[in-house]
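Just below is one structure, and these are the notes that go with it.
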Amino acid sequence: VTALYDQLSKAVGAVTAELALISDRSTADLSAYYKKFDSYIRFLLQPESCPTGPPYTVCMGEPRVTPQLVGNKGSALTEVYQKFDCAVPAGFIVTTNSWNAIIEHNRLRSEIDTHLLALDPEDSKSLHATSETLVSLILEARIPPEIDSAIVKAGRDLVTGLGNETRPLFAVRSSAANEDGRNSFAGQYKTVLNVIPEDVIKAYLQVLASKYSPKAILYRITTGVSDREASMAVLIIEMIQARAAGVIYTSDPQGEEPETLFIHSVPGGGEKLVNGRSETHLSRFNKKEGTVKSTDLRNSPLDKVETHRLARLSTELESFFGAPQDIEWAIRDSDPIILQSRPLRIAPVPESESPEGRYDKRIFPVLYHGGITASHGRGTGPAYFLSTDDTPPHIPAGAVLIVENIPASLVLFLPKCSAVIAMSGSIAGHFSTICRELEIPLIVAAADISGKIPHGTEITVDADNQTIY
């Protein structure tokens, strides 16, 4: 039944999108109502029972680990650890069974469902109030003794296995069901870094609670993932104190250069890259020939040997998984360490524009040209310079958001906007991934745009050609 409904939902969503294209802006509510009813129907279709028994934790070497038990992120990382000749952080995974057991032990299922059913995703106050209530429920939940004991034991075994002279630190990361699959959930759940062993349980609850952050709730509604389809597993891994880190796309996410591999790198840890606060050094490789297409090692945090090693490793990972990959990596000493490998979504190449569809520059003068295309498409609306104090109700429908950087939390504003322009950020950031999934045009690295477009001006963003009319 769920599979059949997926087909129906996809068809209805396509119809509403086409109607929006041929109608004026007053029909924008149609898409919002579609998403709202889709969320309600998926809630009614979700499974009644979820496994609550052991195993509560699994180590990276555990055989027959499934995405249902440890999430797609955890499953992929254990596959790389077990079957692939490269380094991954030492660690273990707290399973989705543990999440299900915590919900059952605290009798939270009915209360969670009640709050989600009352939620109006178009009402910012409703969204944030619901989020605050549900986050508190999880943070205050009692962890069953058997789960607490399993996490403590796995943590002690990990510390012993690392054998460091200094006390190790951990990264605590989400690996929810349906994350890193058809939908990436990029940046929608919390990651807690530099966690001391005594604080692992606290950090675990923080990651679990992030399932009900405003951005995560809205993302699931927008992408049609029900609450029970998103059981939380959590990775607890060694914290890598990186000299360099970044993201590799083993193909072009824009679909234009399928045989090109892209290595995005920054000095130090990769958080500033994926969080949209930094531009990156980019090296491009021809996958078939194994040759460099473009790079500038003078400004790179990597040397030539490390760059080639990453290119070779990521090509092998793409072959191993049988599809283009979005890979997070770090280098502590000299050897690459794989932090994550998930499917890379490839956007269709835009069709060539007909002469009738082109803008007459005599009528529509170019206001700005520059930046980098992070997500294809075109959007028209009033320019809105977004500050950190803004909330969705203050943004006019169909606005073109102009922002300094692109944290993943900007997903809260996407239902109201037709395009986004960022003064900094990278095509490899989490928000860029979300925009490509949701087909929102995005230009990044438009550093000199400030002052060239007055607030409120009706503009059109042609992201394919990095041009604003």
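Being a predicted model, the structure only gives us computed values, none of them experimental.
Pairs of residues two or more places apart, or lying in two chains, that qualify as ring-ring contact (aromatic ring centres under 6.0 Å, His included) and include a residue from residues 171-228 are Phe185-Tyr189, Phe185-Tyr219. Screening residues 338-350 for salt bridge (Lys or Arg N to Asp or Glu O under 4.0 Å), with sequence neighbours left out, gives Asp180-Arg342, Asp326-Arg342.
Proximity of Tyr368 to Asp448: side-chain heavy atoms (C-beta onward) are separated by under 4.5 Å at one or more points. At a threshold of 4.5 Å between non-hydrogen side-chain atoms, the residues Ser98 and Thr57 do not count as touching. Between Phe413 and Ile440 there is no side-chain heavy-atom pair separated by less than 4.5 Å. The shortest side-chain heavy-atom distance between Thr222 and Val411 does not fall under the 4.5 Å cut-off. Ile346 has its side chain out of reach of Tyr249: every pair of non-hydrogen atoms, C-beta onward, lies at least 4.5 Å apart. Between Met232 and Val94 the shortest side-chain heavy-atom distance does not fall below 4.5 Å. With a 4.5 Å cut-off on side-chain heavy atoms, Thr133 and Thr130 do not count as touching. Under the 4.5 Å side-chain criterion, counting only non-hydrogen atoms from C-beta, Leu344 is not in contact with Gln325.
Under the ring pair (Phe, Tyr, Trp, His ring centres under 6.0 Å) criterion, His308 pairs with Phe285, sequence neighbours left out.
Between atom CG of residue Leu317 and atom SG of residue Cys86 there is a gap of 5.5 Å, rounded to the nearest 0.5 Å. From Ile338, atom CD1 reaches atom CD1 of Ile327 across 5.5 Å, with rounding to the nearest 0.5 Å. Within the model, atoms OG1 of Thr78 and NZ of Lys83 stand 8.0 Å from one another, a figure rounded to the nearest 0.5 Å. Here the straight-line distance linking atom OG of Ser213 with atom CG of Leu412 works out to 8.0 Å at 0.5 Å rounding. The OG atom of Ser75 sits 9.5 Å away from the CG atom of Leu69 when rounded to the nearest 0.5 Å. Put simply, CG on Leu158 and CE on Met60 are 9.0 Å apart, with the number rounded to the nearest 0.5 Å.
Under the 3.5 Å distance criterion, with hydrogens and angles disregarded, no donor-acceptor pair is assigned to the side chains of Thr373 and Gln254. The closest side-chain donor-acceptor pair between Thr260 and Lys293 falls under 3.5 angstrom. For the 3.5 Å distance criterion, the side chains of Asp462 and Thr467 fail to qualify, holding no donor opposite an acceptor. Residues Thr223 and Glu437 bring no donor and acceptor atom of their side chains to less than 3.5 Å of each other.
Results of the side chain to side chain contact (heavy atoms under 4.5 Å, CB included) test with Val420 over Val400, Leu414, Ile402 single out Leu414 as the only residue that passes. Test Ile263, Leu302, Asn299 against His281 for side chain to side chain contact (heavy atoms under 4.5 Å, CB included) and you get one pass: Asn299.
Judged purely by atom type and a 3.5 angstrom limit, Asn97 has no side-chain atom pairing as donor or acceptor with the backbone of Tyr56. Although no hydrogens or angles enter the test, the distance criterion places no donor-acceptor pair under 3.5 Å between the side chain of His105 and the main chain of Ala101. Not a single donor-acceptor pair under 3.5 Å links the side chain of Glu79 to the backbone N or O of Leu77. Judged by distance alone, with hydrogens and angles left aside, the side-chain atoms of Asp252 form no donor-acceptor pair with the main-chain N or O of Pro258 at under 3.5 Å. Within the 3.5 Å criterion, the main-chain N or O of Ala428 finds a donor-acceptor partner in the side chain of Ser426. Without hydrogens or angle criteria, Ser418 side chain to Thr380 main chain gives a donor-acceptor distance under 3.5 Å. Side-chain atoms of Asn100 come within 3.5 Å of backbone atoms of Thr96 as a donor-acceptor pair (strictly under, hydrogens ignored). In terms of modelled atom types and a separation under 3.5 Å, the side chain of Ser265 and the main chain of Pro301 share no donor-acceptor contact. Judged by distance alone, the side chain of Ser175 and the main-chain N or O of Ala233 form no donor-acceptor pair under 3.5 Å. The closest donor-acceptor contact from the side chain of Thr315 to the backbone of Ala311 lies under 3.5 Å.
The 12-atom threshold is not exceeded at CD of Glu439, counting heavy atoms of other residues, nucleotides or ligands nearer than 6.0 Å. In this structure, Glu132 places its CD atom where only 12 or fewer heavy-atom neighbours from other residues, nucleotides or ligands lie under 6.0 Å away. Other residues, nucleotides and ligands contribute over 12 non-hydrogen atoms within 6.0 Å of the CD atom of Glu62. Counting heavy-atom neighbours within 6.0 Å of Glu316 CD, excluding the residue itself, gives a total above 12.
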- Item | Derivation and outcome, side chain to side chain contact (heavy atoms under 4.5 Å, CB included), residues Asn183 and Asn178 | CA-CA 7 Å; Asn183 304 112; Asn178 282 299; over 6 Å; no

- Message: For Ile143 and Ile102: C-alpha separation, side-chain torsions, deciding distance, then whether side chain to side chain contact (heavy atoms under 4.5 Å, CB included) applies.
- Response: CA-CA 6 Å; Ile143 297 180; Ile102 290 170; 4.3 Å; yes

- Task: Verify side chain to side chain contact (heavy atoms under 4.5 Å, CB included) between Val80 and Phe321, making sure each step is shown before the conclusion.
- Result: CA-CA 10 Å; Val80 174; Phe321 284 109; 3.8 Å; yes

- Start with the C-alpha distance between Gln188 and Ile434, add both sets of side-chain angles, then the distance that settles side chain to side chain contact (heavy atoms under 4.5 Å, CB included), and finish with yes or no. CA-CA 10 Å; Gln188 298 309 299; Ile434 297 296; 4.0 Å; yes

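In summary, Arg167 and Glu198 engage in a salt bridge, as defined by a charged side-chain N under 4.0 Å from a carboxylate O. A salt bridge is defined here as a Lys NZ or Arg NE, NH1 or NH2 lying under 4.0 Å from an Asp or Glu carboxylate O, and Asp157 with Lys153 meets this definition. Ion pairing between Glu179 and Arg173 fails under the 4.0 Å rule for side-chain N and carboxylate O.
Looking at every heavy atom in both residues, Ser314 comes nearest to Leu261 through OG-CD1, 3.1 Å. The minimum heavy-atom distance linking Arg332 with Ile240 is given by the pair NH1-CD1, 3.8 Å. When all heavy atoms of Pro336 and Leu313 are compared, the closest pair comes out as CB-CD2, 4.0 Å. Nearest approach of Gly379 to Pro441, heavy atoms of both residues: N-CG, 4.0 Å. Taking both residues in full, the closest heavy atoms of Ser251 and Lys287 are given as CB-NZ, 4.2 Å, listed atom of the first, atom of the second, then distance. In plain terms, the two heavy atoms of Ile427 and Val444 that are nearest each other are N-CG2, 4.1 Å.
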